[in-house]
> 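For reference, the structure I am asking about is given below.
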Number of protein chains: 2
Amino acid sequence: MRIGQLAQQAGVDIQTIRFYERQGLLPPPNREDNGYRTYKADHADKLLFIRRCRSFGMSLEEIGVLQSYQEQPQQPCVAINELLDRHIAQVRNQIASLQVLENQLMTLRGCCDNERQNLDCGVLSGLLGGDKPFS
Amino acid sequence: MRIGQLAQQAGVDIQTIRFYERQGLLPPPNREDNGYRTYKADHADKLLFIRRCRSFGMSLEEIGVLQSYQEQPQQPCVAINELLDRHIAQVRNQIASLQVLENQLMTLRGCCDNERQNLDCGVLSGLLGGDKPFS
DNA sequence: GCTTGACCCTATATATACTACATGGTTTTT
DNA sequence: AAAAACCATGTAGTATATATAGGGTCAAGC
């Protein structure tokens, strides 16, 4: 399988595959005489693993760590679960921060009725910080 | 006021101030004979405006747009409010995406009891995609 | 007068996860 | 044989800073 076929199969850009190879997440494939990369099913599996982890919001670094766990089948899987727990905690922190932010933005939004000049806009005043609507 | 003083006053890194200047968000200040930047209160105000917008999660590009509105005091402020509304919508989308992600991660987390070898880890299996726990 | 330390300058590299482009070689199709 | 499609490398761009290298300036103390 050449790179274009692998890319299409996995729904990934060709550049992305080469990028993962440079990052050490995909092992360097064999090359044809002309220098073209040739992939086997194993590469496709690894690529799908990466994409699946990415769809869960994991960083490439975290994915690399997971790969190293995969290569140690006998080790206890506590480390994997801890990695996932940390990731979940991180996602929850992000959500919480964004919810705080949303509230602040709503308060700010409530400072203007949309019918003024920029000079008197409550939103702009709020951003300028003269009269702070936030505690 | 020199750059270090401004930085301390605003709680910002010196590099960040120079960065904002390069990005066109802070006007180039006057220079002393030795080339040192000298700032006035106006610059401090503009810097605080930027930081306040940043704390609301706005991009530097959005901040630049807001600055241009500021310079047109007579214009109706609808545009400002629309910018804010778009930003709020974006934040809400982010929250929604992250909540979906959190649920998926929790489901994945439920696939393992933490007491196995990596080989049999339910989380790792889930990530490998053999048996899909997600609809 | 000279050193030390604090401050300032520019330019470049780093981080993330890709994407896009320039330039050129190879294969496949028409 | 020519054209389209594919592949290769290397570089640069995205966003928002932070960090580092290598150097100039200035005030105080010895």
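In the text below, chain A, chain B and the rest are named by the order of the sequence lines, each starting its count at 1. Keep in mind the model is a prediction, meaning the values are calculated, not measured.
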> Starting from the first five and the last five pairs of the helix from C:dG1-D:dC30 to C:dT30-D:dA1, work out the angle between the resulting helix axes, to 10 degrees.
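End-to-end axis angle: 40°.
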> Could you go through nucleotides 28-30 of chain C and list every protein N or O atom that sits under 3.5 Å from one of its N or O atoms, giving the distance for each pair?
none

> Considering residues at least two apart in sequence or located in another chain, which fulfil the side-chain hydrogen bond (donor to acceptor under 3.5 Å, both in side chains) criterion with B:Arg109?
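Partners of B:Arg109 by the side-chain hydrogen bond (donor to acceptor under 3.5 Å, both in side chains) criterion, ordered by chain and then number, come out as A:Asn81, A:Asp85.
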> Under the salt bridge (charged side-chain N to carboxylate O under 4.0 Å, His left out) rule, collect the residues that match up with B:Glu61, sequence neighbours excluded.
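By the salt bridge (charged side-chain N to carboxylate O under 4.0 Å, His left out) rule, B:Glu61 matches no residue at all.
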> Decide side chain to side chain contact (heavy atoms under 4.5 Å, CB included) for B:Arg92 and B:Ile88; before the verdict, give the C-alpha distance in whole Å, the side-chain angles of both, and the deciding distance to 0.1 Å.
CA-CA 6 Å; B:Arg92 288 189 175 142; B:Ile88 292 172; 3.7 Å; yes
> Can you sort out which residues in residues 87-100 of chain A have a heavy atom within less than 4.0 Å of DNA chain D? Ascending by number, please.
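Here the set is empty: none.
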> Keeping the roles fixed (side chain from B:Glu62, backbone from B:Ser59), state whether a donor-acceptor pair exists under 3.5 Å.
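Yes, B:Glu62 side chain to B:Ser59 backbone: donor-acceptor pair under 3.5 Å.
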> My understanding is that only residues two or more places apart in sequence, or in another chain, count here; which of them pass side-chain contact (heavy atoms from CB on, under 4.5 Å) with B:Gln8?
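For B:Gln8 there are no side-chain contact (heavy atoms from CB on, under 4.5 Å) partners, ignoring immediate neighbours.
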> Start at the 5' end of DNA chain D and walk down; is the nucleotide closest to B:Leu60 or to B:Asn34 reached first?
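Its nearest nucleotide lies further toward 5', so the answer is B:Leu60.
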> Would you say A:Ile80 and B:Cys112 make side-chain contact, with heavy atoms under 4.5 Å?
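When only atoms from C-beta onward are counted, B:Cys112 and A:Ile80 do not touch, as no gap falls below 4.5 Å.
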> Within the 4.5 Å heavy-atom criterion, are B:Gln117 and A:Gln75 side-chain neighbours or not?
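SC-SC contact between B:Gln117 and A:Gln75 ruled out.
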> Within the structure provided, determine whether A:Arg18 and A:Gln23 are in side-chain contact (heavy-atom separation under 4.5 Å).
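When only atoms from C-beta onward are counted, A:Gln23 and A:Arg18 do not touch, as no gap falls below 4.5 Å.
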> Judged by atom type as modelled, is there a donor-acceptor pair below 3.5 Å linking the side chain of A:Arg54 to the main-chain atoms of A:Met58?
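A pair under 3.5 Å: yes.
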> Do A:Gln9 and A:Leu47 come close enough that some side-chain heavy atom pair is under 4.5 Å?
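No, side chains not in contact.
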> Keeping B:Thr16 on the side-chain end and B:Val12 on the backbone end, is there a donor-acceptor pair under 3.5 Å?
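Such a contact is absent between B:Thr16 side chain and B:Val12 backbone.
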> With A:Asn30, which residues qualify under side-chain hydrogen bond (donor to acceptor under 3.5 Å, both in side chains), at least two apart?
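Expected list: none.
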> Tell me which residues in residues 6-32 of chain A lie within less than 4.0 Å of DNA chain C, going by non-hydrogen atoms.
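Of all residues in residues 6-32 of chain A, the ones placing a heavy atom under 4.0 Å from DNA chain C are A:Asp13, A:Gln15, A:Thr16, A:Phe19, A:Tyr20.
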> Quick one: which residue pairs count as a ring-ring contact (aromatic ring centres under 6.0 Å, His included) with a foot in residues 23-43 of chain A, not counting sequence neighbours?
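Residue pairs passing ring-ring contact (aromatic ring centres under 6.0 Å, His included), neighbours aside: A:Tyr39-A:His43.
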> Can you check side chain to side chain contact (heavy atoms under 4.5 Å, CB included) on B:Phe56 and B:Leu84, steps first, answer last?
CA-CA 10 Å; B:Phe56 282 114; B:Leu84 185 56; over 6 Å; no
> Just the endpoints, please: which first and last nucleotides of DNA chain D, 5' to 3', lie under 4.0 Å from a heavy atom of chain A?
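Range of nucleotides within reach of chain A: D:dC6 to D:dT9.
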> Roughly how many Å is it from CZ in A:Arg54 to P in C:dT16, rounded to a whole number?
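About 11 Å, once rounded to whole Å.
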> Could you give all pairs that pass the salt bridge (Lys or Arg N to Asp or Glu O under 4.0 Å) test and reach residues 73-84 of chain A, with sequence neighbours left out?
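The answer is none; no pair qualifies.
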> Please answer whether the main-chain N or O of B:Gln72 pairs with a side-chain N or O of A:Asn118 as donor and acceptor at a distance below 3.5 Å.
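Checked: pair present.
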> For residues 35-45 of chain B, which residues have at least one heavy atom under 4.0 Å from DNA chain C?
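Those residues whose heavy atoms fall under 4.0 Å from DNA chain C, taken from residues 35-45 of chain B in numerical order, are B:Gly35, B:Tyr36, B:Arg37.
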> Taking B:Glu32 first and then B:Arg37, would you say they form a salt bridge - that is, a charged N and a carboxylate O separated by under 4.0 Å?
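Salt bridge absent between B:Glu32 and B:Arg37.
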